[in-house]
Asker: 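Dropping the structure in here first, questions after.
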Amino acid sequence: MSKDNFILKAEGICKSYRMGQAEVQVLKGVDLAVKEGDFIAVIGASGSGKSTLLHILGALDTPDTGIVRFDGRDLSRQSARGLNRFRNKMVGFVFQFYHLLDELNVLENVFLPAMADKSVIGWLVSRRRVKNRAADLLAQLGLSERANHKPYQLSGGERQRVAIGRALMNEPRVLLADEPTGNLDSETGNGILKIFEELNKAGQTIMMVTHDERIARKAKRIITLADGKISD
Amino acid sequence: MYKIILAFRYLLRRRITYLAVLAVALCVFAVVVVMTVMTGLLRDFKAINHSWVGDCVVSTDTLVGFPYYREFVKILEERDFVGSVSPVIRSYGILTEPSGWNTSVEVMGIDPVKHSRTTGFAKTLYYHKDWPADAFKPDYDANLPGCVLGIDKVSARDQRGKYSHYSSIPRYSFTITCFPLTAGGALAKAGLGLVNTRRFYYSDDSHSGLAKVDGAFIYLPFADAQALCGMNGPSPRASAIHIKFKAGVNLQTGRNRVAKLWEDFLTGRGGGKQANLLSKVRVETWKDYRREVIAAVEKEQIMMMAAFGMIGIITVFIVFVVFYMVVSHKSKDIGILKSIGISNRDVIELFLGFAFLVAVCGSAIGTAGGVLFLEKINRIESWLYDHYGFQLWNRAIYAIDEIPNKIQFDIIAVIIVSAIAVCLVGALIPAWQAARLKPVETLQVNQL
Ligand SMILES: Nc1ncnc2c1ncn2[C@@H]1O[C@H](COP(=O)(O)OP(=O)(O)OP(=O)(O)O)[C@@H](O)[C@H]1O
Ligand SMILES: [Mg+2]
């Protein structure tokens with residue numbers, strides 16, 4: 001279908017939530033296209049549906065109507081297995097609240113996505129390569145000394161960097177980040193943004209949600225979400 | 001792979017899982033102890049019944065007995081599968097002490113040597129354990145007519161289940177009175193005072209471990225009992241023939257062969273004198289012969305099992321609650337795992353693996369505790385009795401010596417497998433529920 005180099009494409013996405021009797025229309029027909037090498041910032045007021053949109057693009061949620069295409073393929077037609085593969089390999093998610101596993105240490109949290117589809121034997125075979133990759137990522141993110149710490153021993157900024165490492169572990173085509181700096185002071189937030197800029201320079205496609213215009217300005221392209229639609 | 005690692009981490013890092021392990025351990029402990037003791041009681045009870053009866057019995061219920069037993073004993077003794085045979089007289093009588101006090105008794109007439117070869121009779125004796133041939137010879141005067149009394153007739157059991165004995169047998173005599181019957185079942189001495197009475201001297205006592213037997217039976221020499229009951233005469237009669245098979249003979253096949261022999265014997269005797277008495281004779285294994293008493297104990301065990309089945313249900317519920325709580329605590333983790341592309345099946349497997357670990361740890365601890373406790377159970381009971389007067393089974397009432405505590409690995413294996421199955425079932429529902437959630441749902445809940 002799309003011969004252009006769009007990776008992710010949303011067409012007429014609608015999403016509503018029931019709140020008792022009332023139905024809240026959050027997204028009312030969102031069209032959006034993410035190109036290879038893009039760095040997009042989505043801004044909008046709190047409650048405008050930014051997170052909802054990002055979740056739908058990352059296949060963590062499904063739209064009521066509308067189509068999300070990845071490499072031209074309709075996500076809603078994918079099997080459960082195909083969707084799991086998509087979440088594991090094609091997108092990397094960074095959440096506002098980090099969402100690390102408390103029982104695993106920093107290194108294990110980072111290479112967890114690489115373990116997901118491996119049997120015990122497969123793991124033993126690829127263990128060294130995977131661990132090296134995770135260690136490289138941690139070095140890139142300035143967390144080499146923290147590899148054996150548990151998440152609760154880290155600061156917010158450090159945890160967010162671990163979460164970024166995890167999102168990048170399987171070299172995803174798109175990095176989806178939901179207010180990655182929302183919980184951090186501006187200096188720490190700037191550090192995270194610097195990482196994003198460098199990643200983008202190296203070719204990583206990034207889509208980031210924020211409600212802070214100053215942060216959004218670091219991106220190549222800004223999309224504003226208002227009243228359930230994109231308003232450029 | 002991450003499943004194994006995470007399952008272990010969950011086990012070690014969540015305090016609530018220690019509670020789950022403890023709950024499983026306690027239940028396994030209780031079931032191991034109770035099942036071991038109950039099956040032990042039943043096994044011991046069966047064993048002493050087997051020992052008292054022998055392998056197989058050819059018997060009649062009527063007090064008249066049946067004739068031609070000597071011929072059939074001879075036939076049996078010629079068979080290669082038969083180890084030994086002991087004909088027996090059974091009847092009821094009155095024991096009268098010199099003081100005039102009397103009590104009813106069940107009379108059993110035996111040849112002490114044959115009967116000891118066929119059953120565990122010799123082992124039940126006190127003074128003649130190693131020399132049953134002299135069981136009916138009182139040590140104080142071997143020429144007097146001796147008689148072996150069921151132990152409860154001469155001695156009272158103390159609370160520890162011990163009987164006291166004199167170092168040498170005391171001289172003690174009494175009379176036994178029986179009602180001799182004709183082959184037709186009429187009182188043989190009608191008009192002549194009706195009864196046969198003879199004096200006997202206490203020569204030994206028998207402790208079979210069967211309360212009803214030890215409290216009611218007296219054993220007399222075969223010929224004396226036969227005469228007392230009027231079963232001697234031109235065509236002598238007996239009440240039963242006890243049989244022991246050779247080692248390695250299957251109980252049921254042995255019985256069937258005896259039954260076949262008896263059938264052939266019957267057809268050979270079809271028209272003979274008193275042949276009608278032969279038709280009432282049954283051939284049974286010791287299990288069938290003692291079915292009524294064994295069934296009562298078996299029923300008791302089944303009731304215990306049902307009661308502990310309830311505990312099993314409570315275990316399922318406890319494990320279910322624990323896992324429900326763990327999974328609620330971990331719903332964020334499930335969201336995270338699913339957001340990085342882990343399948344529902346893998347999430348379920350992760351929590352089932354976790355449940356499996358809890359079950360294995362719990363069963364291991366519970367089994368170890370149970371085995372240790374069983375090893376010491378008799379010592380613990382006697383300590384409790386010494387210090388607080390507490391006793392699980394009052395030995396003055398129950399005919400057991402020690403609480404049976406032999407570890408049976410098949411039972412323990414069944415208990416462990418059930419415990420694991422129960423834990424998996426208890427974990428399956430919350431795990432399945434957690435896996436069904438959309439990743440956003442779980443993540444959002446935790447953001448609030
Ligand atoms: N599961 C849900 N059930 C009901 N309403 C929901 C649900 N998820 C989101 N909403 C509603 O949808 C709207 C959009 O939510 P969303 O989280 O996408 O907003 P957002 O733009 O990310 O806001 P913020 O900047 O505060 O993160 C909100 O009004 C929210 O209350
Ligand atoms: Mg949001």
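Each chain gets a letter, A, B and so on, in the order the sequences are listed, and its residues count up from 1. Not measured: the values here are computed from a predicted model.
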Asker: Does NZ belonging to A:K229 count more than 12 external heavy atoms closer than 6.0 Å?
Answerer: no
Asker: Answer yes or no: are there more than 12 heavy-atom neighbours, outside B:F317 itself, under 6.0 Å from its atom CZ?
Answerer: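 Not more than 12 within 6.0 Å, no.
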Asker: Check this for me: B:K287, atom NZ, are more than 12 non-hydrogen atoms of other residues, nucleotides or ligands nearer than 6.0 Å?
Answerer: no
Asker: Quick one: CD1 on B:I340 to CE on A:M115, what's the gap to the nearest 0.5 Å?
Answerer: 10.0 Å
Asker: Would you indicate whether A:R173, at its atom CZ, is surrounded by more than 12 heavy atoms from other residues, nucleotides or ligands within a distance under 6.0 Å?
Answerer: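 It does: A:R173 CZ has more than 12 such atoms within range.
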Asker: Would you mind checking which part of B:D333 comes under 4.5 Å of any heavy atom in chain A, side chain (CB onward), backbone (N, CA, C, O), both or neither?
Answerer: both
Asker: Is there any residue in residues 361-374 of chain B with a non-hydrogen atom under 4.5 Å from a non-hydrogen atom of chain A, and which ones are they?
Answerer: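 Answer by number: none.
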Asker: Taking non-hydrogen atoms and a cut-off under 4.5 angstrom, which of residues 26-43 of chain B neighbour chain A?
Answerer: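 The residues closer than 4.5 Å to chain A amount to none at all.
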Asker: Which atoms form the tightest heavy-atom contact between A:A116 and B:I342, and what is the distance?
Answerer: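 That closest heavy-atom pairing would be CB-CG1, 3.7 Å.
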Asker: Against chain B, label A:R81 side chain, backbone, both or neither, depending on which of its atoms sit under 4.5 Å from a heavy atom there.
Answerer: neither
Asker: Please, which pairs that meet salt bridge (charged side-chain N to carboxylate O under 4.0 Å, His left out) have at least one residue in residues 103-112 of chain A, sequence neighbours excluded?
Answerer: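 Of all non-adjacent pairs touching residues 103-112 of chain A, those that pass salt bridge (charged side-chain N to carboxylate O under 4.0 Å, His left out) are A:E103-B:R14, A:E103-B:K330, A:E108-B:R9.
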Asker: Using the test side chain to side chain contact (heavy atoms under 4.5 Å, CB included), find all partners of A:V130 that sit at least two apart in sequence or belong to another chain.
Answerer: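 A:V130: side chain to side chain contact (heavy atoms under 4.5 Å, CB included) contacts with A:F111, A:A114, A:W123, A:S126, A:M169.
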Asker: Please test A:L101 against B:L337 for side-chain contact (heavy atoms from CB on, under 4.5 Å), starting from the C-alpha separation and ending with a verdict.
Answerer: CA-CA 9 Å; A:L101 294 183; B:L337 290 171; 4.0 Å; yes
Asker: Most heavy-atom pairs under 4.5 angstrom with chain B, which of A:T62, A:N88, A:N84?
Answerer: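 Highest number of heavy-atom pairs under 4.5 Å: A:N84.
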Asker: How close do A:L100 and B:K332 get, heavy atom to heavy atom, and via which atoms?
Answerer: O-NZ, 4.0 Å
Asker: Measuring heavy-atom distances to chain B, does A:L83 have an atom under 4.5 Å in its side chain, in its backbone, in both, or in neither?
Answerer: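 For A:L83, there is no contact with chain B at all, as no heavy atom is under 4.5 Å.
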